[in-house]
Amino acid sequence: MLTDKTTASSLTEQFVSSPRGARLARRLAVRCMAEWGYPPPSDASCAVALVVGELAANAVRHGRAPGHDFGLRLVLDAAEGLVRVEVADAVGEKRPPVTGPSSCPEGESGRGLLLVDALAVRRGTEDRWPVGKTVWAEVPVGSVSGSGDRPSSAPRTASPAVPAAGCPG
């Protein structure tokens, strides 16, 4: 079970499984990234915020169980230039597909995993004991000493998917 804890290179927090909880998780991720040296308007902070927002929204929509919160864990691996985003929920039976859709789906939903796949170098799902699952993604963030932007070897996305500045928390 995730517990409230913050260290120099990781953050763990529980949120009510609601749209407000997902929004608060995203805002906390932006604050955490700023503490790690990635200001809110940086590509790195915006990418992590978007991935947290999508995974948290999915946990609320597909992994919600009465009486259970969802958990967020962020881990900065400065040596690799990655932030691992983990979102844990209480419903292990509903898992995201291993690969996202190959094209943009029609309708009001279904684009979240396309966004996560565009921003992350890897993603996956793990069982969580005693119930539920953890969905994770590793987001390239570059070095803290740099501008906080993704390294040039990381895949880029179209500008509408990742705001260039002023990423809202």
Side-chain angles (χ1 to χ4, degrees), residues 1-3 5-15 21-22 24-63 70-89 92 94-102 110-129 132-159 161-164 167 169:
M1 182 165 101
L2 297 174
T3 58
K5 181 179 169 185
T6 305
T7 66
S9 61
S10 70
L11 165 114
T12 305
E13 186 67 60
Q14 293 283 125
F15 295 93
L24 292 173
R26 179 181 165 130
R27 288 182 178 175
L28 181 61
V30 171
R31 282 200 332 245
C32 184
M33 291 296 289
E35 288 178 16
W36 289 342
Y38 301 94
S42 68
D43 283 354
S45 181
C46 288
V48 168
L50 287 169
V51 169
V52 167
E54 291 300 329
L55 296 184
N58 284 349
V60 168
R61 185 171 189 167
H62 305 291
F70 74 88
L72 170 68
R73 183 168 185 245
L74 301 176
V75 179
L76 173 64
D77 183 341
E80 293 293 322
L82 294 172
V83 169
R84 183 175 169 108
V85 176
E86 298 178 0
V87 175
D89 65 50
K94 294 182 181 178
R95 293 176 176 267
V98 175
T99 59
S102 59
R111 294 176 193 85
L113 289 179
L114 282 173
L115 180 62
V116 172
D117 286 345
L119 296 172
V121 293
R122 283 179 289 284
R123 74 171 170 90
T125 306
E126 299 172 354
D127 291 330
R128 185 170 149 241
W129 188 87
K133 67 183 171 299
T134 298
V135 180
W136 57 267
E138 293 177 344
V139 182
V141 295
S143 65
V144 176
S145 59
S147 64
D149 293 340
R150 282 179 275 148
S152 60
S153 63
R156 295 279 178 182
T157 60
S159 58
V162 182
C167 179

(message) Give me the atom names and distance for the closest heavy-atom approach of W36 to S10.
(response) CZ2-N, 3.5 Å
(request) Test E86 against every option in L72, T134, L55 by the side-chain contact (heavy atoms from CB on, under 4.5 Å) rule and name the one that passes. (result) T134
(request) Hey, could you give me the CG/CD distance between L114 and E54, rounded to the nearest 0.5 Å? (result) 10.0 Å
(request) For a side-chain contact (heavy atoms from CB on, under 4.5 Å) with N58, tell me which candidate from V87, V135, L113, V116 qualifies. (result) L113
(request) State which residue, out of V85, V139, V30, fulfils the side-chain contact (heavy atoms from CB on, under 4.5 Å) condition with V52. (result) V85
(request) Inspect the contact between E126 and R84 and indicate whether a charged nitrogen and a carboxylate oxygen are less than 4.0 angstrom apart. (result) yes
(request) For residues A57 and A22, report the shortest heavy-atom separation together with the two atoms involved. (result) N-CB, 4.0 Å
(message) What's the separation between atom CG in L28 and atom CG in L74, rounded to the nearest 0.5 Å?
(response) 7.0 Å
(request) Output yes when a side-chain donor or acceptor of R128 lies under 3.5 Å from a complementary backbone atom of D89, and no otherwise. (result) yes
(message) Using every non-hydrogen atom in the two residues, find where M33 and S45 come nearest and quote the distance to one decimal.
(response) CB-OG, 3.9 Å
(request) Just jot down the side chain to side chain donor-acceptor pair (under 3.5 Å) partners of R31, sequence neighbours excluded, or say none. (result) none
Distance-only donor-acceptor pairs under 3.5 Å for side chains of residues 75-83, two or more places apart:
from : atom 1 : to  : atom 2 : distance (Å)
D77  : OD1    : A79 : N      : 3.3
D77  : OD1    : E80 : N      : 3.1

(message) Can you give me the closest heavy-atom contact between R26 and A49, atom names plus distance?
(response) CG-O, 3.5 Å
(request) Measure the OH-SG distance between Y38 and C32 for me, rounded to the nearest 0.5 Å. (result) 11.0 Å
